[in-house]
Amino acid sequence: MKMKKWKNWLVVGVILSSLTACSTGGSGSNAGESDYPKKPVTVVAPSGAGGGWDLTARSLTKILGETKTVKQTMTVENKPGGGGAVYLAEFATQHKKDDYKLYVNSPPILINNLKKEGNSPYGFQDTTPLAQLTKDFGAIVVKEDSKYNNLKELMEAVKKDPKSVTAAGGSAPGSMDHLVAVLPAYKSDIDPKTVKYVSYDGGGEAIAALLGGNADYIATDASAVGEYLKAGKVKVLGISSTERLKGDLADVPTFKEAGIDADFTIWRGIFGPKEMSDSAVAYWDKTLKKLNESKEWQDELERNGWEAEFKDGKEFETFLKDQEKQVEDLLKSLEMNK
């Protein structure tokens, strides 16, 4: 009788242990998958209102809320400074275990970590990549009446007399526009350091400089030039995509079609903290896939003129490692790496 009673208690103990494990979500989780999120979630845009990061964060939270994909309140917080580097330092140190803080960024998270001046000690390795949401590409643009009609002609002029050709962009030396501006030169066996690059405060100012005759070509986001192309103000000599785009830029060759063996994706993605719980990572993996598959999100991308490109956390991390090598090579060629 005593042995039978002991066995009964043992069975009860095993059942209770199993139930407890199910309710807690297992090792490494702060909360079970079923009860995350339990409170409002903040999505940080490391810029002022109105920029690409801000618009991405607001579109993301809007559609997740409107479709009730996320039932908790989601708010956007703007934390500008250092091209995203200022808040990343806070995110990587003060919020590294905070499942309720997410962070939007793009290639500057790589560039700021790799470049010598004004660099950030933190990079994507200090986060948990959750998903790539969108893609854009770099564009090499000249005035409509420019003597340059294709990318090869422009690079030949740079190679012959670098000082006679002025490139411009809407960001500082060593940042994204600068890297896109020198990428065709780098792949054309031209020393990128010889490229005469002038930086302006934003893509709008760079285009104004081009139209005003203060630059021979600019590097900017492909999504920003369609209206100028339609208005007959510019020619787009090449796009850093792997295949031709649709819409206004359908007739523009890729860099490879123009004879330059290069491509560069300007992505936007969402990150969690480095030590995000397993249950939160699993929740966002499922939730962001559902978002990407929704008609409401696809409509939002179209409204904003964004190209859809979704990568889940694992695919995104692999892609980031590859692009990090490309950025490091370009910065080394400019002698601007750490």
Side-chain angles (χ1 to χ4, degrees), residues 106-108 110-111 114-115 132 134-142 146-162 164-169 171 173-197 206 210 215-225 229 234-268 307 309 311 315-316 318-337:
S106 56
L110 308 175
I111 297 167
L114 295 170
K115 70 178 181 178
Q132 179 184 330
T134 67
K135 65 179 177 182
D136 199 350
F137 299 98
I140 301 298
V141 184
V142 298
S146 171
K147 63 184 177 181
Y148 306 115
N149 294 304
N150 58 64
L151 200 50
K152 275 286 192 181
E153 285 180 3
L154 178 62
M155 290 302 104
E156 285 168 7
V158 173
K159 193 168 193 174
K160 185 176 180 181
D161 185 4
S164 69
V165 182
T166 300
S171 54
S175 55
M176 196 157 57
D177 284 357
H178 188 196
L179 297 187
V180 172
V182 302
L183 178 58
Y186 177 64
K187 289 293 186 173
S188 301
D189 296 322
I190 299 168
D191 182 353
K193 296 190 298 298
T194 66
V195 175
K196 184 181 174 184
Y197 177 80
L210 178 71
D216 295 292
Y217 76 95
I218 63 168
T220 189
D221 295 353
S223 60
V225 300
L229 185 63
V234 302
K235 293 184 290 192
V236 184
L237 302 186
I239 301 290
S240 69
S241 57
T242 54
E243 57 189 33
R244 288 208 181 192
L245 304 184
K246 298 174 184 177
D248 297 331
L249 302 176
D251 294 329
V252 177
T254 65
F255 282 3
K256 288 186 179 180
E257 288 177 324
I260 308 294
D261 187 19
D263 60 82
F264 190 89
T265 302
I266 301 171
W267 50 268
R268 290 199 188 107
E307 290 274 330
E309 174 133 308
K311 291 185 176 73
E315 293 170 326
F316 189 28
T318 298
F319 167 78
L320 289 170
K321 289 176 181 176
D322 290 340
Q323 193 175 64
E324 185 177 53
K325 293 174 185 174
Q326 182 184 21
V327 169
E328 188 168 28
D329 285 345
L330 283 169
L331 288 172
K332 280 181 179 177
S333 73
L334 289 162
E335 297 183 355
M336 299 183 76
N337 61 308

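Model, not experiment: these values are computed from the prediction.
Judged purely by atom type and a 3.5 angstrom limit, T265 has no side-chain atom pairing as donor or acceptor with the backbone of W267. A donor-acceptor contact shorter than 3.5 Å is absent between the side chain of S241 and the backbone of R244. A side-chain donor-acceptor contact under 3.5 Å links S240 to the backbone of F264. A distance-only check finds a donor-acceptor pair linking the side chain of N150 to the backbone of K152 [under 3.5 Å]. When atom types are taken as modelled, the side chain of S146 and the backbone of V142 share no donor-acceptor pair closer than 3.5 angstrom.
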task = Output, in order, the C-alpha distance, side-chain angles, deciding distance and verdict of salt bridge (charged side-chain N to carboxylate O under 4.0 Å, His left out) for E307 and K246.
result = CA-CA 10 Å; E307 290 274 330; K246 298 174 184 177; over 6 Å; no
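The closest side-chain heavy-atom distance from M336 to H178 is below 4.5 Å. In this structure, D177 and Y197 have side chains that are in contact, with non-hydrogen atoms separated by less than 4.5 Å. The side-chain heavy atoms of V141 and Y217, taken from C-beta on, include no pair separated by under 4.5 Å. You'll find the side chain of F255 stays beyond 4.5 Å of the side chain of I239, heavy atoms only. Inter-residue side-chain proximity for I218 and I140 is flagged as unmet; no heavy-atom pair is nearer than 4.5 Å. Under the 4.5 Å side-chain criterion, counting only non-hydrogen atoms from C-beta, M176 is in contact with I111.
The distance from the CD1 atom of I266 to the OG atom of S223 is 8.0 Å, given to the nearest 0.5 Å. To the nearest 0.5 Å, the span separating CG on L330 from NZ on K115 amounts to 13.5 Å. Between Q132 atom CD and L320 atom CG the span is 8.0 Å, to the nearest 0.5 Å. The CD atom of E315 sits 9.5 Å away from atom CD of E309, with the distance rounded to the nearest 0.5 Å.
In D251, the CG atom is not crowded: 12 or fewer heavy atoms of neighbouring residues, nucleotides or ligands sit closer than 6.0 Å.
Relative to the ring axis of F319, K311 places its NZ or CZ within 45° and under 6.0 Å from the centre.
In plain terms, the two heavy atoms of A185 and V195 that are nearest each other are CB-CG2, 3.8 Å.
Side-chain contact annotation: D263 with T242, donor-acceptor N/O pair under 3.5 Å absent. Inspection of the N149 and K235 side chains reveals an N or O donor paired with an N or O acceptor under 3.5 Å.
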